[in-house]
S.K.: 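First the structure, which I've put down as structure tokens, then a few questions once you've had a look.
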Amino acid sequence: MEEAQTKLRFSSPKHSRNKFDDENISTESSVEQIRVEDAISVIIDEFNKEIESDPDIPVLKRDEHTMFLWKGLRHLGISYECLDASRPWLCYWILHSMEILEETIPIMTAKEIAKFLGKCQCSTGGFAGGPGQVAHLAPTYAAVNALCILSQVTDEALNVINRETLYEYLLRMRTDDGAFLMHEGGEVDIRGTYCAASVAKLTNLCTKELFKDTPQWLARCQTYEGGFSGAPGLEAHGGYSFCGIAALLILNATKHFDIKALLRWTVNRQMKYEGGFQGRTNKLVDGCYSFWQGGALPLIHMVLCAEEDPAVSANSWLFDTSALQEYLLICCQHPNGGLIDKPGKTRDYYHTCYCLSGLSVAQHFTSGHLYHTKVVGSPKNAVRSIHPVFNIGVEAVVKAKSYFSHQVPVHKDNGKTS
Amino acid sequence: MHGRLKVRTTAEQQEAKRKEREKKQKIYTAATQRTFQKRENKEYDEEALKITGEILSVNPDFYSLWNFRKEIFLHFKDVKPTEELNKLFEEELYFLESCLKVNPKSYGTWHHRCFVMTTMPIPDWTRELQLCNKFLEYDERNFHCWDYRRFVVKTSNVPAKDEFDFTTAKIASNFSNYSSWHYRSKLLPQLYPDSHHSSGVQEDILLQEFETVQNAFFTDPNDQSSWFYHRWLLGRGCRKLDIDSVYISRHKSCILVTFTKTLLISRENSINLVINGKDVEGEWLNQKQQAKYSTFWISFCNNFWCSS
């Protein structure tokens, strides 16, 4: 079901009323906020002039983004020394962006990338930031996701993953209280738990011994604000909140936390004027939180539906999906391709990936048998829908799950989580 | 900036750039290969520190190299005299500071600093607290630095009162900085504990805080930070599990209880019902007649009416 184009929020004469009012008391935070709003209001004015002659805008600059992505893919391993410990991340950010934009990946390229990711896999399990480096849960997550995306092009992709050593590696990263180290000798935070849960679920390695007490540890990360923090006792944060709820959903343990408090906190992170999301209380809008916060709303929806909450909508996520699309399309597209944090910032693959992921979430609503699409701007702006728990295409998740479902679990206790 | 045209470089300039890049890349690749090799051979020496240091100073996120440096320092700990060892650790702290200036949000760098401080023979914790002050001045929302501060405070037993005063000063200079308010909410229950209160803090202190936060949102009602803190003060963010209300119906032979928080009453997590000094057993179900998490619970008891 598709909805007819409605008037843009940015074009409403009343929109400027949504600006922040510091009541003549300025603080460092309020000065920064007003600076961002001023920059955006210039862009909105220009946009409103343009739309008079071209009613099709805003348009997703598909070709420009694709060109930018291809450029990054070809240069991988040559000129990205500064991200030398995050190379599987670059593969994932670029491949996932291409997937969302429905750009076809040639079979030879897919094989080449799969082979490269294989070189990042450590003999003792897990994937490292680059060949020869130490295994780390973040690039492990990125590599597994990238391989799942590639599995739609070549069957060799999923074959790269060594499940036996991966399972041993995940067990080694586990702490006694059910949390996960990012790498041997490294820090413990909620990212580790999400990465471990995500790869274990995709490769059919979720066991009781691997995630014993993990839901309880995750629940301790929910703060009184409602969001989740990196570790118990810290401040709530958008990226960590996503990790928290996604991990709890994977582990089928959503009883362990306060869903209403998370909903309240998350929806209030959408900015009144900009339409995008901020990561923390009183911080600035950033395009990447379109996914970390916006992508948490489908997850919250799943939990509320499972609880049969009568208040959940049957045709939209619980946030202003059009406002987010306006922010992404009008304020976050770099003219030469790639997407950005906010006006004035440079483009990069991380922001391109998470802005596009957020755009996809905002366009597509699915809940049980219900399906609803709402595309802001040209109908050609519609992108592919993603699976918000893993943040890869729905087809990629299906493919990985069916591939690994035939492989026996490799653990000792033989007891799978429910 | 957007829409600005890039000035075309001449072919010559491009060629020079390419060569320069190639040269840099060669050096970089050689350096990383050399460190991996040295680690493999367990060569824990000054050269290893030097090469890993060169790479880390450009890319502090290269976590594998921090692991290698840890191994080197643990080796030094076994073989070097205390004075020399402490000096090496101090140099490591200076090096870490320069890395943090390149990237103040590098997980690996802050984590390595924790390692250095807990491993070196004579750690100077006061200096670390000052370092936190400095980095929080530069970016008062840097949660890596706030985390490190908590680590310093906990490990070196900084009095909670000092930290509380620090948040007061931080809030005075920018009341929109939510990180300071959040930290304050963690300190109050330590400083003025009261287990009877839902927020765990003494009533008179809460009232003082209420006054402070009221000033903040009277000054700027659009500011999010103070409202969040206000919500915490009122105890709405962290309700204690308690019985909200109890209703007993003789007519329907049942007892209804509502709680302040959702909970699951089960065999493992049961409720003791005592009527007239007698334990009464009964099955508990929620409003949907299910044994699932809820704030509302009903028990249809068949044996307690006759006893009352």
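Remember, it's a predicted structure, so these values are computed and weren't measured experimentally. Numbered from 1 within each chain, the chains take letters A, B, ... in sequence-line order. Atom set for the values below is all heavy atoms of this structure, side chains included, hydrogens, waters and symmetry mates excluded.
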S.K.: After noting the C-alpha distance and the side-chain angles of B:Tyr28 and A:Asp84, does the key distance pass the side-chain contact (heavy atoms from CB on, under 4.5 Å) rule?
M.R.: CA-CA 10 Å; B:Tyr28 182 86; A:Asp84 204 27; 2.9 Å; yes
S.K.: Determine the minimum heavy-atom distance between A:Asn282 and B:Gln224, stating which atoms define it.
M.R.: N-OE1, 2.7 Å
S.K.: With chain A, which of B:Ser185, B:Gly108, B:Cys114 has the greatest number of heavy-atom pairs at distances under 4.5 Å?
M.R.: B:Ser185
S.K.: Minimum heavy-atom separation for A:Thr27 to B:Phe175, with atom names?
M.R.: CG2-CE2, 3.9 Å
S.K.: Got a sec, which residues hit side-chain hydrogen bond (donor to acceptor under 3.5 Å, both in side chains) with A:Ser16, two or more places apart in sequence or on another chain?
M.R.: none
S.K.: For the residue pair A:Tyr224 and B:His182, what are the closest heavy atoms and their distance?
M.R.: OH-CA, 3.9 Å
S.K.: What class does the angle between the rings of B:Phe143 and A:Tyr240 fall in, given that below 30° is parallel, 30 to 60° is tilted and above 60° is perpendicular?
M.R.: perpendicular
S.K.: Pick one of side chain, backbone, both or neither for A:Ala128, based on which atoms fall under 4.5 Å of a heavy atom in chain B.
M.R.: both
S.K.: Would you call B:Lys292-A:Glu307 a salt bridge at under 4.0 Å N-O?
M.R.: no
S.K.: Taking non-hydrogen atoms and a cut-off under 4.5 angstrom, which of residues 30-39 of chain A neighbour chain B?
M.R.: none
S.K.: Can you tell which part of B:Phe36 gets under 4.5 Å to a heavy atom of chain A, answering side chain, backbone, both or neither?
M.R.: side chain
S.K.: Name all residues meeting the ring pair (Phe, Tyr, Trp, His ring centres under 6.0 Å) criterion together with A:Phe180; count only those two or more places apart in sequence or in a different chain, and write none if there are none.
M.R.: A:Phe211
S.K.: Okay, side chain of B:Asn222, backbone of A:Phe20: is any donor-acceptor separation there less than 3.5 Å?
M.R.: no
S.K.: Tell me, side chain or backbone of A:Arg347 under 4.5 Å from chain B's heavy atoms, or both, or neither?
M.R.: neither
S.K.: Judged by atom type as modelled, is there a donor-acceptor pair below 3.5 Å linking the side chain of B:His111 to the main-chain atoms of A:Val188?
M.R.: no
S.K.: Quick one: does any side-chain atom of B:Tyr107 pair with a main-chain N or O of A:Gly186 as donor and acceptor, under 3.5 Å?
M.R.: no
S.K.: What residues of residues 212-219 of chain B make heavy-atom contacts with chain A at a cutoff under 4.5 angstrom?
M.R.: B:Thr219
